[in-house]
Amino acid sequence: MHCGVSTACFYPEETASAMRRLCGAGVATVEVFLNSFSELTPEYTARLRALQQDGTRICALHPFTSMMETFLFATEYPTRLADGIRFYEQYFSMCQALCIPRVVFHGMLRTSTFPFERHCENYLALRRRAREFGVDLLQENVVRCRCGYPEAVRQMRRLTGDDVGFVLDTKQLRRAGVPLPEMLDAMGGRLRHVHLSDFTSCCDCTAPGTGREDFHFLARHLRAIGYDGCVIIELYRSGFRDLPELMDGLRFTYEIFGGETACRTE
């Protein structure tokens with residue numbers, strides 16, 4: 001397993017600046033969380049590519065338009081759906097340019113009345129387009145979205161004929177009150193990416209190794225299913241004091257999950 005850190009940890013610090021900070025600390029694997037339209041330009045792609053010259057791998061891309069995915073992909077309006085797919089092609093094109101293998105998708109809000117089976121059809125259309133760019137479009141469990149809960153994850157697997165991949169986010173599980181084993185069982189062998197955070201007694205999101213999460217259980221499960229993807233620390237900025245604490249969390253993550261070295265200097 002490859003252990004790394006998301007640029008989202010430093011939000012609202014600008015994305016390239018956050019990546020520069022992680023690269024400077026020797027982080028070998030980074031997830032890039034884009035935050036605005038100007039970050040989808042060829043010029044910004046070139047900035048991120050320049051930061052990769054020291055050997056840092058970008059393992060996933062997180063769109064800044066996640067909150068629009070109900071509007072774009074839970075719709076019967078054909079032009080809007082087509083426009084949504086065309087817009088997401090910009091993310092897929094950036095992934096192709098930077099050799100990023102996966103994109104994170106939040107999908108339909110729980111409050112939407114749009115038929116979930118139709119949303120899954122639209123997800124498949126977007127997933128097929130992503131695949132043409134060599135990109136895997138992955139559904140994340142997000143508390144405010146339909147797939148934040150195991151029953152919807154299982155339903156999505158049925159409705160897509162299991163042509164779906166998932167991102168497991170431990171902080172979103174805590175926010176939803178979903179036990180980790182239940183979500184792992186629902187995702188099964190379709191788990192493709194992991195967002196990691198620890199938690200305190202009041203469920204605040206903290207750096208791995210500073211809270212109460214049983215990471216050994218998760219690591220055993222991932223090894224049991226032959227998971228060889230990434231385990232990425234994704235925190236809110238309030239979840240850690242400074243970069244050294246974040247790096248301690250990364251070293252802790254590597255000790256539990258193993259795989260490649262956490263930092264290029266190790």
Side-chain angles (χ1 to χ4, degrees), residues 2-69 86-106 130 133-138 140 167 169 171 193-197 205 207-208 229-251 253-254 260-266:
H2 305 293
C3 304
V5 183
S6 173
T7 61
C9 295
F10 294 99
Y11 181 86
E13 185 172 339
E14 190 256 332
T15 301
S17 175
M19 183 169 170
R20 184 178 299 108
R21 187 185 292 210
L22 293 172
C23 291
V27 178
T29 300
V30 170
E31 178 178 288
V32 166
F33 196 124
L34 298 182
N35 290 299
S36 194
F37 294 94
S38 62
E39 297 177 8
L40 269 177
T41 63
E43 293 77 15
Y44 206 84
T45 298
R47 287 180 64 187
L48 296 180
R49 184 185 296 112
L51 291 169
Q52 287 184 288
Q53 297 306 308
D54 59 3
T56 298
R57 174 199 304 108
I58 303 177
C59 67
L61 185 73
H62 199 303
F64 62 87
T65 45
S66 297
M67 70 290 188
M68 294 180 63
E69 285 167 357
R86 277 193 293 270
F87 188 86
Y88 270 60
E89 287 173 0
Q90 297 176 84
Y91 295 118
F92 306 151
S93 181
M94 174 180 273
C95 287
Q96 194 173 56
L98 297 174
C99 298
I100 304 173
R102 54 191 67 89
V103 167
V104 178
F105 186 73
H106 286 190
F133 287 80
V135 175
D136 198 11
L137 181 71
L138 303 179
E140 186 174 20
V167 181
D169 189 307
K171 102 176 134 305
H193 194 59
V194 176
H195 285 157
L196 205 68
S197 61
C205 174
C230 294
V231 179
I232 300 298
I233 298 174
E234 188 192 60
L235 306 174
Y236 301 122
R237 183 60 189 88
S238 59
F240 64 102
R241 292 188 303 272
D242 49 28
L243 181 59
E245 181 177 323
L246 192 60
M247 295 304 294
D248 286 344
L250 179 57
R251 282 184 282 271
T253 301
Y254 173 67
E260 68 165 18
T261 55
C263 302
R264 294 187 306 276
T265 54
E266 292 182 352

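The analysis underlying the following values was restricted to heavy atoms, covering all of them including side chains, and did not include hydrogens, waters or symmetry mates. Throughout, residue positions are numbered sequentially from 1 according to the sequence presented.
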*Assess Arg86 against Tyr88: is NZ or CZ under 6.0 Å from the centre of the six-membered ring, and within 45 degrees of the ring's axis?*
no

*Using the test side-chain contact (heavy atoms from CB on, under 4.5 Å), find all partners of Phe64 that sit at least two apart in sequence or belong to another chain.*
Leu34, Phe37, Leu40, Phe87, Tyr91

*asked:* Less than 4.5 Å apart, side chain to side chain, heavy atoms only: is that true for Leu61 and Val103?
replied: yes

*Sub-4.5 Å side-chain heavy-atom contact between Cys9 and Phe240*: yes

_Candidate list Glu31, His106, Arg102, test side-chain hydrogen bond (donor to acceptor under 3.5 Å, both in side chains), partner His62, passing option_ = His106

_Heavy-atom closest contact (Gly4 atom, Val27 atom, distance)_ = CA-CG1, 4.5 Å

*How far apart are the closest heavy atoms of Cys3 and Thr29, and which atoms are they?*
O-CB, 3.8 Å

_Taking the ring centre of each residue, are Phe33 and Phe10 less than 6.0 Å apart?_
no

*Do Pro63 and Met68 come close enough that some side-chain heavy atom pair is under 4.5 Å?*
no

*Any chance OH of Tyr11 has more than 12 other-residue heavy atoms, nucleotides or ligands included, within less than 6.0 Å?*
no

_Non-hydrogen side-chain atoms of Met94 and Glu39 separated by less than 4.5 Å_ = no

*Rounded to the nearest 0.5 Å, what separation is found between the CG atom of Asp248 and the OG1 atom of Thr253?*
10.5 Å

*In this structure, which one of Val30, Ile58, Leu48, Asn35 forms a side-chain contact (heavy atoms from CB on, under 4.5 Å) with Thr7?*
Val30

*Measure the spacing between NZ of Lys171 and CD of Glu234 and express it to the nearest 0.5 Å.*
4.0 Å

*Is any side-chain heavy atom of Glu13 closer than 4.5 Å to a side-chain heavy atom of Arg20?*
no

*Glu89 backbone acceptor or donor facing Ser93 side chain under 3.5 Å*: no

*Leu235 and Ser197: which non-hydrogen atoms are nearest, and at how many Å?*
CD2-CB, 3.4 Å

*Distance (rounded to the nearest 0.5 Å) between Ser36 OG and Glu14 CD*: 10.0 Å

*Flag the pair Met19 / Gln52 as yes when at least one side-chain heavy-atom distance between them is below 4.5 Å, and no otherwise.*
yes

_For a quick test of reading the model, state the closest non-hydrogen atom pair linking Ala16 to Leu51 and the distance between them._
O-CD1, 3.5 Å

*Excluding sequence neighbours, so at least two apart, what forms side-chain contact (heavy atoms from CB on, under 4.5 Å) with Ala97?*
Thr45, Arg49

*Beyond-backbone contact of Val32 with Leu98, side-chain heavy atoms, under 4.5 angstrom*: no

*Spatial distance of atom OG (Ser6) from atom CG (Leu196) [nearest 0.5 Å]*: 12.0 Å

